[in-house]
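What follows is a single structure, written as structure tokens, with notes after it.
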Amino acid sequence: RAAVRREFPRRVVIAVTERRPAAIAVLNGMQYVDGAGRLLGEVRQSDRLDYPFITGVEGHHLDGAGRAVLRRAVRLARLCEERGSAGGPSEIHIDPARGLVLVPRRLRVPVTMGWGNWRRKLDRLERILALWEGREGELVAVNLAPHRSAVVQTRRHPAPGWERRRERGIEI
């Protein structure tokens with residue numbers, strides 16, 4: 001956006017506001033998205049790709065009300081980057097039924113985040129990852145959408161000591 005105004009007698013003031021990409025939306029190709037959820041333009045072959053990808057984007061996400069979902073996905077991506085949660089976000093998928101689903105860079109497992117309380121949920125995710133440290137490959141999915149709990153789907157058996165921790169009332 002640019003604005004030009006003239007200040008008499010001999011001055012012209014030009015103000016330029018530049019929007020910067022915060023993520024890449026996958027919708028009929030790839031498009032940059034700014035922090036407000038607005039599409040900035042197509043990603044060309046020579047452009048940078050080191051942004052989180054937002055998938056599950058549909059046409060209704062591009063109008064005024066639907067753009068709020070894109071804005072929320074970008075907000076979750078920024079929060080994950082700031083905290084360094086599981087290496088930051090690789091992908092955030094928009095699922096109308098489950099909410100936002102995070103795929104962290106380090107974990108590469110879908111983590112259902114729902115629609116809010118992301119700081120608390122990321123705290124829970126860090127505690128879960130600490131329990132599974134060194135054995136992250138056994139995780140299939142993590143669901144943090146339920147209030148104050150987590151559902152961890154594994155390939156085989158639970159983490160050692162899981163039952164003991166649960167009996168002592170440690171909340172994940």
Side-chain angles (χ1 to χ4, degrees), residues 1-5 13-126 128-129 132 136-147 150-155:
R1 181 174 33 194
V4 179
R5 77 173 192 268
V13 177
I14 301 172
V16 177
T17 304
E18 181 181 12
R19 295 185 297 176
R20 297 191 178 196
I24 295 175
V26 179
L27 171 75
N28 298 328
M30 296 187 297
Q31 304 225 4
Y32 286 118
V33 179
D34 71 0
R38 290 188 204 99
L39 297 180
L40 299 179
E42 271 190 49
V43 176
R44 295 182 299 266
Q45 202 166 18
S46 61
D47 288 344
R48 292 177 46 193
L49 297 175
D50 58 343
Y51 294 98
F53 285 85
I54 301 175
T55 59
V57 180
E58 298 181 14
H60 66 274
H61 292 130
L62 307 179
D63 62 16
R67 192 172 28 228
V69 174
L70 280 174
R71 189 172 37 251
R72 290 175 87 178
V74 170
R75 193 175 316 138
L76 175 59
R78 279 193 182 146
L79 182 60
C80 291
E81 285 287 342
E82 289 169 8
R83 294 174 58 128
S85 298
S90 173
E91 175 186 343
I92 296 183
H93 181 76
I94 299 170
D95 183 312
R98 298 185 302 162
L100 299 181
V101 180
L102 165 69
V103 179
R105 284 187 199 116
R106 191 178 83 206
L107 190 56
R108 301 276 184 203
V109 168
V111 179
T112 302
M113 299 293 290
W115 293 111
N117 294 320
W118 294 322
R119 290 183 196 283
R120 289 183 185 154
K121 291 175 182 178
L122 289 173
D123 289 342
R124 277 190 273 160
L125 178 61
E126 292 303 322
I128 289 168
L129 293 180
W132 287 89
E136 293 91 349
E138 294 181 32
L139 297 176
V140 174
V142 177
N143 186 347
L144 298 173
H147 184 65
V151 178
V152 177
Q153 183 180 355
T154 64
R155 297 191 197 295

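With sequence neighbours excluded, the residues that form a side chain to side chain donor-acceptor pair (under 3.5 Å) with D95 are R98. With sequence neighbours excluded, the residues forming a salt bridge (Lys or Arg N to Asp or Glu O under 4.0 Å) with R83 are D123, listed by chain and number. Every residue was checked against the salt bridge (Lys or Arg N to Asp or Glu O under 4.0 Å) condition with R75, not counting sequence neighbours, and none meets it. Residues passing the salt bridge (Lys or Arg N to Asp or Glu O under 4.0 Å) test with E18, sequence neighbours excluded: R20. Under the side chain to side chain donor-acceptor pair (under 3.5 Å) criterion, R5 pairs with E7, sequence neighbours left out. Scanning for salt bridge (Lys or Arg N to Asp or Glu O under 4.0 Å) contacts around E42 gives an empty result, with sequence neighbours left out. Partners of N117 by side chain to side chain donor-acceptor pair (under 3.5 Å), not counting sequence neighbours: none found. Residues passing the side chain to side chain donor-acceptor pair (under 3.5 Å) test with Q31: none are found, sequence neighbours excluded.
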Could you walk me through whether M30 and L49 pass the side chain to side chain contact (heavy atoms under 4.5 Å, CB included) test, one step at a time? CA-CA 10 Å; M30 296 187 297; L49 297 175; 4.0 Å; yes
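The list of ring pair (Phe, Tyr, Trp, His ring centres under 6.0 Å) pairs with a residue in residues 91-112, not counting sequence neighbours, is empty. Listed by first and then second residue, the salt bridge (charged side-chain N to carboxylate O under 4.0 Å, His left out) pairs involving residues 48-57 are R48-D50 (not counting sequence neighbours). For residues 106-119, no pair satisfies salt bridge (charged side-chain N to carboxylate O under 4.0 Å, His left out), with sequence neighbours left out.
In terms of modelled atom types and a separation under 3.5 Å, the side chain of K121 and the main chain of N143 share no donor-acceptor contact.
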Under 3.5 Å, which donor-acceptor pairs do the side chains of residues 66-74 form with other protein atoms, sequence neighbours left out?
| from | atom 1 | to | atom 2 | distance (Å) |
| --- | --- | --- | --- | --- |
| R71 | NH1 | A36 | O | 3.1 |
| R72 | NH2 | W115 | O | 2.1 |

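Residue R120 qualifies as open at atom CZ: its count of foreign heavy atoms under 6.0 Å is 12 or below.
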